[in-house]
Amino acid sequence: MRLHNKNFHTAITSISNLTDMEYKPANRELNQIHQRLVSGRKEFEQAVFCTMDAVIQMSAMDLVLETNVNTLDEVNESITESVHTISESAASTSMISTEVSTAHENLTSAIVEVSDESAKIMDEISVCTQHLDSVSGFSADIISNAKEMKTDIQGLLDVVSHMGEAIGAISAISSQTNLLALNASIEAARAGEAGKGFAVVAESIRKLADETKTLTERMGAFLDSVKEASEKSVNSVDGTVSELEHMNEDIRKIFQITENNRTSMVHINDSVSSLAAVSEQISGSMNELDTYSKYVHEQCEELKGRAESLSACSQSITKAAQSSKACEEQLETSTKIMGELARDAFYMLDNQVILNCMERAVAAHQSWLQTLKEMSQSGQLQPLQTDCTKCGLGHFYSAFHPVNPAVKELWDGLDEKHRTFHSYGTQMMAAIRAGRTDTLPQIYENARQCSNGLTSDMQQLIRIIGSLSEKQIRIFT
């Protein structure tokens with residue numbers, strides 16, 4: 001390869017710094033080397049962008065996998081406990097079902113006995129009702145007879161009263177006759193011998209009057225006795241009638257109670273019939289319950305096997321998550337190596353690659369903040385990356401270290417703000433787990449204010465890097 005010294009020096013300098021150079025025909029081989037290096041750097045930039053995108057996606061996937069694995073473990077543990085509980089409940093239900101079936105058979109027997117006894121009681125109530133009807137009729141007849149007797153006695157009292165009046169009149173006549181006999185005796189005594197015969201007659205009349213008086217007095221006493229006995233009989237009849245009426249009222253009450261009992265027994269009999277029908281339904285339900293209990297037990301056994309399969313799947317996913325995490329770590333190592341290579345002129349990244357990565361980082365940052373907002377509003381945990389080195393900005397920030405003074409100081413200042421920002425995610429998750437939901441809005445507000453400062457710095461960096469690109473100055477120089 002023959003080269004002019006000046007052209008050779010210029011070409012070597014351009015290749016060494018991998019800057020633009022004028023391709024001269026005489027520098028054909030150097031031109032090819034330069035083209036290959038420039039093309040390789042473009043491919044390296046593409047590889048950096050793809051690798052950065054891959055590591056960010058791997059981090060997000062690892063976070064989701066880790067969260068889902070933990071959830072899967074909790075669900076699997078809960079399912080296992082539930083299966084165990086359901087299985088025990090099914091066994092207890094089966095045992096209880098057997099006991100209830102036995103008790104139900106006893107209940108059915110008791111229902112049959114109650115039904116038979118109810119029929120007997122109904123028959124006895126009918127007989128009792130018939131007797132009560134007879135007693136009630138008999139009582140009514142007695143009351144009627146007693147009232148007629150009272151009327152007859154009252155008539156007797158009237159007759160006695162009339163007899164008393166007649167005896168009184170006879171007694172009065174006897175008194176007058178006695179007085180006349182006395183007057184006649186006096187006149188006969190005055191007449192002497194001539195009046196002796198008349199005196200004998202007067203004496204006989206007087207004796208007859210006395211006997212009549214005695215007889216009327218005895219008849220008066222007899223009538224008084226009859227009247228007193230009759231009055232007592234009337235009072236007795238009145239008492240008897242009153243008692244009979246009370247008894248009749250009691251009989252009617254007993255009859256009503258008996259009728260109510262009969263009605264109640266009809267209801268009881270109907271209820272027993274309904275109970276017998278319900279008992280048959282219960283018997284069928286108990287048979288179905290026993291069948292379902294066996295089915296539940298079988299399903300529990302099957303579910304137990306599936307839970308074991310789920311546990312095996314969870315372990316497989318855990319291993320896959322570990323492999324994914326290892327891939328993420330390898331990709332992260334690759335991005336750091338690429339970041340170190342980016343300082344070399346041969347591999348120095350174009351500013352646009354950095355701008356693209358920063359724009360992706362800003363978008364990921366905003367998405368992270370939105371997730372934090374949703375958690376503060378719902379009080380529910382969501383997959384959230386709390387490791388500041390594993391998020392989109394963290395991967396990008398920790399891999400590349402610009403050296404241009406215009407961006408270095410601002411770039412280095414992102415670290416502290418970024419760590420503080422992610423610490424609010426840790427605080428949010430701890431508060432949700434502890435149930436301190438009242439603190440969530442304030443944690444989000446602190447994160448939002450911190451995000452404003454961090455986003456402002458990143459947007460300022462984007463503007464500065466854009467300005468350097470216009471001057472064709474790379475941030476790694």
Side-chain angles (χ1 to χ4, degrees), residues 10-11 13-23 34-35 37-57 59 332 334-370 388-389 391-422 447-477:
T10 302
T13 300
S14 297
I15 291 172
S16 176
N17 296 323
L18 204 59
T19 56
D20 295 338
M21 61 176 282
E22 183 181 358
Y23 292 153
H34 186 271
Q35 288 176 345
L37 290 174
V38 171
S39 177
R41 187 164 67 180
K42 293 293 183 183
E43 293 176 356
F44 175 72
E45 289 174 349
Q46 184 65 28
V48 168
F49 185 78
C50 292
T51 303
M52 183 59 63
D53 185 62
V55 73
I56 291 173
Q57 293 186 23
S59 289
E332 186 175 3
S334 298
T335 57
K336 290 180 179 180
I337 293 173
M338 291 177 177
E340 292 297 326
L341 290 174
R343 298 184 180 186
D344 190 280
F346 278 12
Y347 303 100
M348 188 174 296
L349 299 177
D350 187 78
N351 287 350
Q352 189 58 45
V353 176
I354 302 299
L355 288 174
N356 292 340
C357 290
M358 286 196 69
E359 289 173 356
R360 293 286 300 274
V362 170
H365 174 84
Q366 294 298 332
S367 177
W368 191 97
L369 184 63
Q370 179 61 29
C388 63
T389 64
C391 68
L393 177 61
H395 282 298
F396 171 69
Y397 178 81
S398 60
F400 300 100
H401 305 283
V403 295
N404 189 286
V407 298
K408 188 177 187 310
E409 183 177 357
L410 190 58
W411 184 279
D412 292 340
L414 293 177
D415 183 56
E416 184 63 28
K417 292 181 180 180
H418 189 225
R419 291 180 183 277
T420 301
F421 178 70
H422 274 273
R448 189 187 66 80
Q449 293 179 6
C450 182
S451 173
N452 289 340
L454 190 59
T455 303
S456 177
D457 289 348
M458 288 191 289
Q459 290 175 345
Q460 185 177 356
L461 278 170
I462 290 173
R463 289 193 295 270
I464 294 173
I465 294 173
S467 177
L468 291 175
S469 296
E470 292 175 357
K471 299 177 183 178
Q472 297 185 346
I473 299 175
R474 300 196 178 195
I475 63 174
F476 294 100
T477 58

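All residue numbers in this chain count up from 1 along the given sequence. All of these numbers come straight from a predicted model, not from anything done at the bench.
- The side-chain hydrogen bond (donor to acceptor under 3.5 Å, both in side chains) search around Ser451 returns His365, not counting sequence neighbours.
- For the side chain to side chain contact (heavy atoms under 4.5 Å, CB included) test, residues two or more places apart in sequence or in another chain that qualify with Ser467 are Lys471.
- Sorted pairs that involve residues 393-407 and meet salt bridge (Lys or Arg N to Asp or Glu O under 4.0 Å), not counting sequence neighbours, are lacking altogether.
- Between the CD atom of Gln472 and the CG atom of Asp350 there is a distance of 10.0 Å, given to the nearest 0.5 Å.
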Trace of the side-chain contact (heavy atoms from CB on, under 4.5 Å) decision for Asn404 with Ile464:
CA-CA 11 Å; Asn404 189 286; Ile464 294 173; over 6 Å; no
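- Every pair passing salt bridge (Lys or Arg N to Asp or Glu O under 4.0 Å) that includes a residue from residues 391-410 is listed here, sequence neighbours excluded: Lys408-Asp412.
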Please walk me through it: do Arg474 and Ser469 pass side-chain contact (heavy atoms from CB on, under 4.5 Å)?
CA-CA 7 Å; Arg474 300 196 178 195; Ser469 296; over 6 Å; no
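- Rounding to the nearest 0.5 Å gives a distance of 6.0 Å between NE2 of His418 and SG of Cys388.
- To the nearest 0.5 Å, the span separating OG1 on Thr455 from CD1 on Ile462 amounts to 9.5 Å.
- With sequence neighbours excluded, the residues satisfying side chain to side chain contact (heavy atoms under 4.5 Å, CB included) with Leu414 are Tyr397, Leu454, Asp457, Met458, Leu461.
- With sequence neighbours excluded, the residues forming a side chain to side chain contact (heavy atoms under 4.5 Å, CB included) with Glu416 are Thr420, listed by chain and number.
- For the pair Phe421/Leu369, a side-chain contact is recorded, criterion being any heavy-atom separation below 4.5 Å from C-beta on.
- With sequence neighbours left out, the side chain to side chain contact (heavy atoms under 4.5 Å, CB included) criterion links Ala363 to no other residue.
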Please report the C-alpha distance between Phe400 and Ile475 in whole Å, then the side-chain angles of each, then the deciding distance to 0.1 Å, and finally whether the side-chain contact (heavy atoms from CB on, under 4.5 Å) criterion is met.
CA-CA 10 Å; Phe400 300 100; Ile475 63 174; over 6 Å; no
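- Not counting sequence neighbours, the partners of Asn356 by the side-chain hydrogen bond (donor to acceptor under 3.5 Å, both in side chains) test are Gln352.
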Let me see the working for Asn351 and Phe476 under side-chain contact (heavy atoms from CB on, under 4.5 Å), right down to the final yes or no.
CA-CA 9 Å; Asn351 287 350; Phe476 294 100; 5.5 Å; no
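- Put simply, the side chain of Trp368 reaches to within 4.5 Å of the side chain of His422, judged on heavy atoms.
- Here Gln449 pairs with Glu445 under the side-chain hydrogen bond (donor to acceptor under 3.5 Å, both in side chains) rule; sequence neighbours left out.
- With sequence neighbours left out, the side-chain hydrogen bond (donor to acceptor under 3.5 Å, both in side chains) criterion links Asn452 to no other residue.
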